[in-house]
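All values below were derived from every heavy atom in this structure, side-chain atoms included, with hydrogens, water molecules and symmetry-related copies excluded. Because the structure is a prediction, the values reported are computed rather than measured. The first residue in the sequence is number 1, and the count goes up from there.
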Amino acid sequence: MLLAHGVGGRQDLPIPFSAALIGAIVCLVVSFAALGFLWREPRLGVGLDDARPLPRFLQWRVPERVWRGVGLVATAYFLIGFFGPDDADNPTAGVVYVLFWVGLVPLSLVFGGVWRLFNPLRTVVLLVRGERSVRPLPERLGYWPAAAGLLAFVWLELVAPGRVTLPVIGGWLALYAVAMLTGGFVYGVRWFDKGDAFEVYSDLAGRLSPIARRDDGVLVWRNPLDGMTTLRPAPGLVVLVIVLLGSTMYDSVSNAPVWVRFVQENSLPSPVLGTVGLLSVILLVLGAYLLATRLAGRRGMGEQDRTAGEIAHSIVPIAIGYVVAHYFTLLVYEGQRTVALLSDPLVTGANWLGTANWTLQSAFLTPAAVAMLQVTLIVIGHVLGTALAHDRALVLFPRRTAVAGQVPLLVLMVVYTVTGLMLLFAA
């Protein structure tokens with residue numbers, strides 16, 4: 001039901017796959033060279049004081065309590081699905097894995113980290129305890145709870161047996177809700193800023209939004225890279241962004257014929273192999289990142305132990321680009337189907353949303369167009385990551401060694417690009 005994320009294979013590209021691969025590498029190298037010659041001083045993170053305001057008719061602000069009410073109502077409507085039949089016509093799996101998990105990325109890319117407003121768990125804590133907390137939130141926790149939650153969710157999505165069934169989805173969500181509410185009641189609503197995997201997931205994508213709100217409440221246009229530079233090093237941040245990137249790469253690996261054949265021919269249970277495969281891919285991506293950043297710190301004559309955390313924000317556009325490229329067709333096709341099922345009278349009791357009779361629209365989604373879009377998104381993500389790493393390197397390293405220090409990072413970007421494209425179009 002929810003496994004076909006790609007477009008088919010390399011034959012879908014309107015140009016030879018080798019040409020697309022070489023073009024992507026050339027684009028990265030040229031971008032790196034241009035940055036080295038033309039971008040000699042740090043330029044990002046300048047703030048919003050001089051940003052251009054949006055037109056007056058867009059300067060509206062809905063009270064936060066309204067969005068929180070919408071989140072509670074939507075959650076209640078979603079829970080109706082758990083009382084319906086546990087079959088392919090139940091929209092619950094589609095809501096969780098498609099509309100929410102995948103759809104949250106483009107929504108956040110446009111409007112910022114929106115899940116903070118809709119999150120029903122944050123709303124419950126606010127209603128019960130307000131801004132109070134039992135004890136202060138330890139700084140050493142950082143993003144570790146969110147990283148653990150993200151890993152648990154991608155394991156559910158990609159590995160867990162029966163992952164589209166109501167008992168498995170409901171059990172996981174119940175355990176997650178208990179963990180988040182416990183953290184919220186103990187540490188207050190600040191817990192959700194770095195502890196809730198989905199709020200952090202939305203926030204990471206939202207930092208790339210071209211729209212932001214200044215402290216005076218005015219909506220402005222901004223350079224999306226300026227927003228990403230506000231993501232500062234914290235415990236667990238490196239693991240968090242690597243889990244996001246590595247898990248999406250594993251999704252491609254798990255759909256590759258060689259992996260499918262290996263699982264079918266192996267005597268070990270597929271959940272065990274899937275867990276080992278997921279962790280192995282994440283660890284390989286993490287190892288490559290730590291090696292590259294350590295070499296960058298050494299060549300750039302900077303603090304080697306500090307480089308990994310300082311450069312972590314440059315991985316976010318790479319991960320987000322790969323997520324959108326990988327799950328694009330899933331969002332379009334299964335997203336439409338899920339919206340239709342949400343109004344199916346046989347499931348929800350009435351055609352509440354008026355979409356029960358929708359027919360799937362796919363006229364513009366030719367395999368060639370989707371394949372080129374996927375390549376473009378991956379390349380753009382890596383180019384943005386290269387620009388972010390370059391700007392931060394100018395801050396971390398002496399000017400005379402800044403470019404030399406970035407060479408290992410360029411190699412890392414090339415490796416990630418080649419691997420990502422090969423996995424995406426080999427599946």
Just do the side chain to side chain donor-acceptor pair (under 3.5 Å) check on T248 and Y327 with the steps written out, would you? CA-CA 9 Å; T248 311; Y327 294 107; 4.8 Å; no

Within a radius of less than 6.0 Å around CZ of R65, do more than 12 heavy atoms belonging to other residues, nucleotides or ligands occur? no

For the residue pair F118 and W67, is the inter-centroid distance of their aromatic rings smaller than 6.0 Å? yes

Rounded distance [0.5 Å steps], CG in L295 versus CG in L290: 11.0 Å

In this structure, are over 12 heavy atoms from other groups packed under 6.0 Å from F111 atom CZ? no

If you compare all heavy atoms of L121 against all heavy atoms of N119, which two are closest, and at what distance to 0.1 Å? N-OD1, 3.0 Å

Heavy atoms, side chains only, cut-off 4.5 Å: are E334 and Y97 in contact? no

Answer yes if the side chains of D196 and W191 hold a donor-acceptor pair under 3.5 Å, and no otherwise. no

For D216, is the CG atom crowded, meaning more than 12 foreign heavy atoms sit under 6.0 Å from it? yes

Contact between Q59 and P53 at the side-chain level, heavy atoms closer than 4.5 Å - yes or no? yes

Result for ring-ring contact (aromatic ring centres under 6.0 Å, His included) between Y201 and one of F100, W101, W115 points to W101

Are the side chains of F153 and V96 in contact, using a 4.5 Å heavy-atom criterion? yes

Please report the interatomic distance CG(L412) to NE2(H382), rounded to the nearest 0.5 Å. 8.0 Å

Side-chain donor-acceptor pair under 3.5 Å between S202 and S108, yes or no? yes

What distance do I169 atom CD1 and D86 atom CG have between them, rounded to the nearest 0.5 Å? 8.0 Å

If I take atom CG from residue L173 and atom CE from residue M180, how far apart are they, to the nearest 0.5 angstrom? 12.0 Å

Roughly how far, to the nearest 0.5 Å, is CG of L28 from OG1 of T386? 5.0 Å

Starting from the C-alpha separation in whole Å, work towards a yes-or-no answer on side chain to side chain contact (heavy atoms under 4.5 Å, CB included) for W155 and L279. CA-CA 9 Å; W155 181 87; L279 294 177; over 6 Å; no

Ignoring hydrogens and angles, state whether a donor on the side chain of S314 or R392 is under 3.5 Å from an acceptor on the partner side chain. no

Please examine the side chains of L231 and M228, heavy atoms only from C-beta on, and report whether any two atoms are closer than 4.5 Å. yes

From CA spacing to verdict: side chain to side chain contact (heavy atoms under 4.5 Å, CB included), Q374, H326: CA-CA 7 Å; Q374 290 175 315; H326 184 72; 5.8 Å; no

Compare all side-chain heavy atoms of N255 with those of V260 and state whether any distance is below 4.5 angstrom. no

CZ of F32 to SG of C27, rounded to nearest 0.5 Å, is 14.0 Å

Where the side chain of R163 meets the backbone of E157, is there a donor-acceptor pair that is under 3.5 Å apart? yes

Salt bridge present between E131 and R190 (N-O < 4.0 angstrom): no

Check: Y416 ring centre within less than 6.0 Å of Y289 ring centre: no

List the atom of R129, the atom of V134, and the distance in Å for their closest heavy-atom pair. NH2-CG2, 4.0 Å

Nearest heavy-atom contact between L126 and R68 is CD1-NE, 3.6 Å

Under 4.5 Å between any side-chain heavy atoms of L373 and F328, yes or no? yes

If we ignore hydrogens and angles and just use 3.5 Å, is the side chain of Y322 paired with the main-chain N or O of G246 as donor and acceptor? no

Which atom of P233 lies closest to which atom of L237, heavy atoms considered: CA-CD2, 4.0 Å

In short, A319 meets V241 closest at the heavy-atom pair CB-O, 4.5 Å

Between R122 and E199, does any side-chain N to carboxylate O distance fall below 4.0 Å? yes

Can you find a heavy atom in the side chain of D203 that is under 4.5 Å from one in the side chain of R116? no

Heavy-atom nearest pair, L54 first then L58, reads CD2-CD1, 3.9 Å

Indicate yes or no: at least one non-hydrogen side-chain atom of I282 is less than 4.5 angstrom from one of L151. yes

Evaluate the criterion side chain to side chain contact (heavy atoms under 4.5 Å, CB included) for residue pair Y250 and L245; output intermediate values, then yes/no. CA-CA 9 Å; Y250 169 75; L245 177 60; over 6 Å; no

What verdict does the side chain to side chain contact (heavy atoms under 4.5 Å, CB included) test give for L396 and I311, after you've listed the backbone C-alpha separation in whole Å, the side-chain angles of each residue and the deciding distance to 0.1 Å? CA-CA 10 Å; L396 295 176; I311 303 293; 4.1 Å; yes

